[in-house]
Amino acid sequence: MAARHKSVETKYYEMRDKLITSLPRLDRRDFFKVMGATGMAAAIKGLFPPHSFQLLEVANAMPLPAKGDAVEKFTFAYISDSHLYEEKLNDQFIRAIMRGIDDVNRLDPQPDFVLFGGDLAQLGQAAELEIGAQLLKEVKAPIKMMVGEHDWYLDMGAKWKELFGEPNYSFDHKGVHFVVLNSVVEKDFWTARGLTPMERMKTVAGLDNSAQSAFEVGEVQRMWMQQDLAKVDKSTPVIVFSHSPLYKYYRNWNFWTDDADEVQALLRPFEHVTVIHGHTHQVLTNRIDNMHFHGVLSTAWPWPYAPEGLPKYTVQMSRANPFDPQDACGTGQVTVNTDGLCDMVYNLWDRNPMHVRASYLKSMGKKDKPEAPTFSSY
Amino acid sequence: MKRPIALLSLACLAGGFLLLRMEAQEASHHHALPPGYTQGSGEILLCDGATRVMIPPNQVFDRETAQKYSDELMELWMQKHPEKEWIMAAAAPAPSPAPTPQKPKEPGKEKATQFEIYNDFSDRDQRIWQEEYDKFVAEGNRIFHNAEAFGGTVGISCDMCHPNGANTHAETYPKYQVQIQRVVLLRDMINWCLEHPTKAKPLADDDPRLRAMEAYIMAQRAGKTMAPNKH
């Protein structure tokens, strides 16, 4: 998020982080001394507010891993696909994202950051994006923004970029290299047909509207990605955030990235790669060689599973109950293990959470299979 | 005295034929000619009984002239009809295949049975049925994808949760819906979704929009085995 949209809390935690990291790093012996002093505190951790100072200091007492070093286990959370309209037209999706924000703010301990998985707005309108930016200020942890097609195709990303910056970027966190992509680039289908910006937007917004092109990352971004990854040691875990799944699931609904093969080729040399994506509004699990893929939930509405192409590792979430408008929606947490692979918690509202563990995909589906749904799709 | 001289079929319009009636205006001492008309001119009247064009005296009617007058009439007619685009679209590709050759009858059975007559439809018939069906389903498709068309008030259309009609399970009706506490038909569930997720008013059972959406949903589930009361 652009600096001016950081919440008061985010700014406060950033300042505090800065202060803590500016203190001389504790060696191992000092670390244990701190541990001793804070042992009691750690034991009664539950009684402390989520950001208990002691806990953070303990975490920071460990040496930060250099590139290629073991990863420090950590968690992040996600909120995704809120599809906001202006409040005067529809306040239901606004209430839903607020519920999502409450979810992540209540997490204890707090996640290191919160991924917003794209499709903040429904029709890419300035007012919709602004409401979204405003609401996301309430998130206590720092936010990592990702763009979706619903944010983009009214003004080709102008407003989104003004609010949140460039849609593709990378960063390192606790030994993991993160790459954030704009995977919803479409070939120009509108000029020849003389569509207005709103007609273009509505065409892309229609999931089953076959008048649009297929999503892709595109050559420009692939080149950027190649350069970015060239600096990264092959043993460093890589986590990619993309709005669309970076593989080919179902073309008709753009549950698909057209240049997925090319993007995967860039990721293949790495030992452990995880792709976390939005767009599909469902529990979705896939593995292709060294790459693990996880879809995330939407706060607005769930999508049915596509009639074909479902990856074999996916254990479906239960069919949604239409009588509960927030059923099969939700948010989630991701625990990044020391090998960089992820344990997913699907925090389905009004239901038990679903767990998709890294061990399930690592064992090619043999271990820790998620529980089958009570109501599968047909 | 009026003397009909030609009956031209022009274009297949929304399943029916648009007929042209050409009437010669005979010189009459009792009636004044309309402005612009001269002695001996005729006019072509569209089957709507209102749209007409004038024809100069002694006009020779070859194929081209006939086309010219029919175009002119259509142009006039369309200017009067705001819904012309829809009607144009409906009129566009009219099936007019050559008549199907009759199946040769088995010797001694020349006389058709009642069943054979009933069953004796041509490719042309089938194409017309297909076209009519497609039109109905397409209208349902349009409404399903457009909140304004069915009266949704929160910007939510059916395709947002049911892309290509997914998860509408038309083949499972009638079935008992626990939350409605009775056995419902497909259209009742459509109406439920209209009222709730899309915040529209429920539609009457014979409302053309409800009928069209029902057709669209069933078309999406073509080939599924009927499974009433499946949950």
Side-chain angles (χ1 to χ4, degrees), chain A residues 81 83-96 119 121-123 125 128 150 202-203 205-211 250-255 279-282 298 300-308 310 316 318-329 374-378, chain B residues 137-138 140-149 152-173 175-181 184 186 188-200 216-217 219-227 229-231:
Chain A
D81 295 85
H83 293 268
L84 300 178
Y85 275 123
E86 273 189 82
E87 196 173 2
K88 61 176 189 263
L89 175 59
N90 179 327
D91 66 353
Q92 165 190 345
F93 296 156
I94 293 184
R95 280 185 278 114
D119 287 351
Q122 168 65 7
L123 295 175
Q125 302 185 88
E128 298 168 352
H150 286 257
K202 286 192 168 167
T203 304
L207 194 70
D208 59 5
N209 190 329
S210 54
Y250 189 58
R251 168 71 180 81
N252 281 15
W253 299 348
N254 256 334
F255 284 9
H279 186 60
T280 50
H281 300 201
Q282 58 194 228
S298 156
W301 69 83
W303 256 327
Y305 285 97
E308 57 188 42
L310 189 69
Q316 301 184 9
S318 264
R319 262 161 51 209
N321 171 5
F323 295 83
D324 174 356
Q326 292 190 328
D327 191 29
C329 298
T374 43
F375 235 22
S376 53
S377 65
Y378 61 91
Chain B
V137 171
N141 182 12
R142 183 183 75 81
I143 295 166
F144 193 84
H145 286 77
N146 184 339
E148 277 150 39
T153 56
V154 285
I156 300 180
S157 51
C158 316
D159 60 300
M160 278 164 68
C161 299
H162 302 289
N164 295 122
N167 269 5
T168 48
H169 304 134
E171 75 280 9
T172 65
Y173 287 84
K175 73 175 159 201
Y176 192 89
Q177 275 291 0
V178 177
Q179 295 87 344
I180 304 177
Q181 296 200 347
V184 298
L186 176 62
D188 300 319
M189 196 57 200
I190 296 176
N191 256 338
W192 191 89
C193 265
L194 275 167
E195 239 185 307
H196 295 274
T198 69
K199 307 259 184 300
Y216 168 75
I217 288 172
Q220 299 314 299
R221 301 294 284 181
K224 294 277 186 262
T225 311
M226 287 295 285
N229 207 29
K230 178 174 172 171
H231 287 267

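In the text below, chain A, chain B and the rest are named by the order of the sequence lines, each starting its count at 1.
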**Request:** Side chain from CB out, backbone as N, CA, C, O: work out which of these in Thr172(B) comes under 4.5 Å of a heavy atom of chain A, or both, or neither.
**Result:** side chain
**Beyond-backbone contact of Pro322(A) with Met189(B), side-chain heavy atoms, under 4.5 angstrom** = yes
**Option in Gln177(B), His231(B), His162(B) with maximal non-hydrogen atom pairs under 4.5 Å from chain A** = His231(B)
**Message:** Checking His145(B) against Asn209(A): is there a side-chain donor and acceptor pair closer than 3.5 Å?
**Reply:** no
**Asked** Does NZ or CZ of Lys230(B) lie under 6.0 Å from the centre of the six-membered ring of Tyr378(A), at an angle within 45° of the ring axis?
**Response** yes
**Fill in**
Residue from Tyr305(A), Phe375(A), Phe93(A), Trp253(A) scoring the most non-hydrogen pairs under 4.5 Å with chain B is Trp253(A)
**Request:** Grab the two heavy atoms, one from Gly155(B) and one from Leu89(A), that are nearest each other, plus how far apart they are.
**Result:** N-CD1, 3.9 Å
**Prompt:** Which heavy atom in Asp208(A) sits nearest to a heavy atom in Asn164(B), and how many Å separate them?
**Reply:** OD2-N, 2.6 Å
**Complete:** Comparing Lys224(B), Arg221(B), His196(B) against chain A, the one with the most heavy-atom pairs below 4.5 Å turns out to be Arg221(B)
**Message:** I'd like to know whether NZ of Lys175(B) has more than 12 heavy-atom contacts from other residues, nucleotides or ligands below 6.0 angstrom.
**Reply:** yes
**Message:** With a 6.0 Å cut-off (strictly less than), is the heavy-atom count around CD of Glu148(B), excluding the residue itself, greater than 12?
**Reply:** no
**Trp303(A) side chain vs Met160(B) backbone, donor-acceptor pair below 3.5 Å** = yes
**Asked** So which part of Phe323(A) gets closer than 4.5 Å to some heavy atom of chain B, the side chain, the backbone, both or neither?
**Response** both
**Message:** Using side-chain heavy atoms (C-beta onward) and a distance below 4.5 Å, is Leu207(A) in contact with Asp159(B)?
**Reply:** no
**Asked** What is the minimum heavy-atom distance between Cys161(B) and Pro304(A), and which atoms define it?
**Response** O-CD, 3.4 Å
**Request:** Please flag which part of Pro325(A) lies under 4.5 Å from any non-hydrogen atom of chain B: side chain, backbone, both or neither.
**Result:** neither
**Asked** If you round to the nearest 0.5 Å, how far is NZ of Lys202(A) from CG of Asn146(B)?
**Response** 7.5 Å
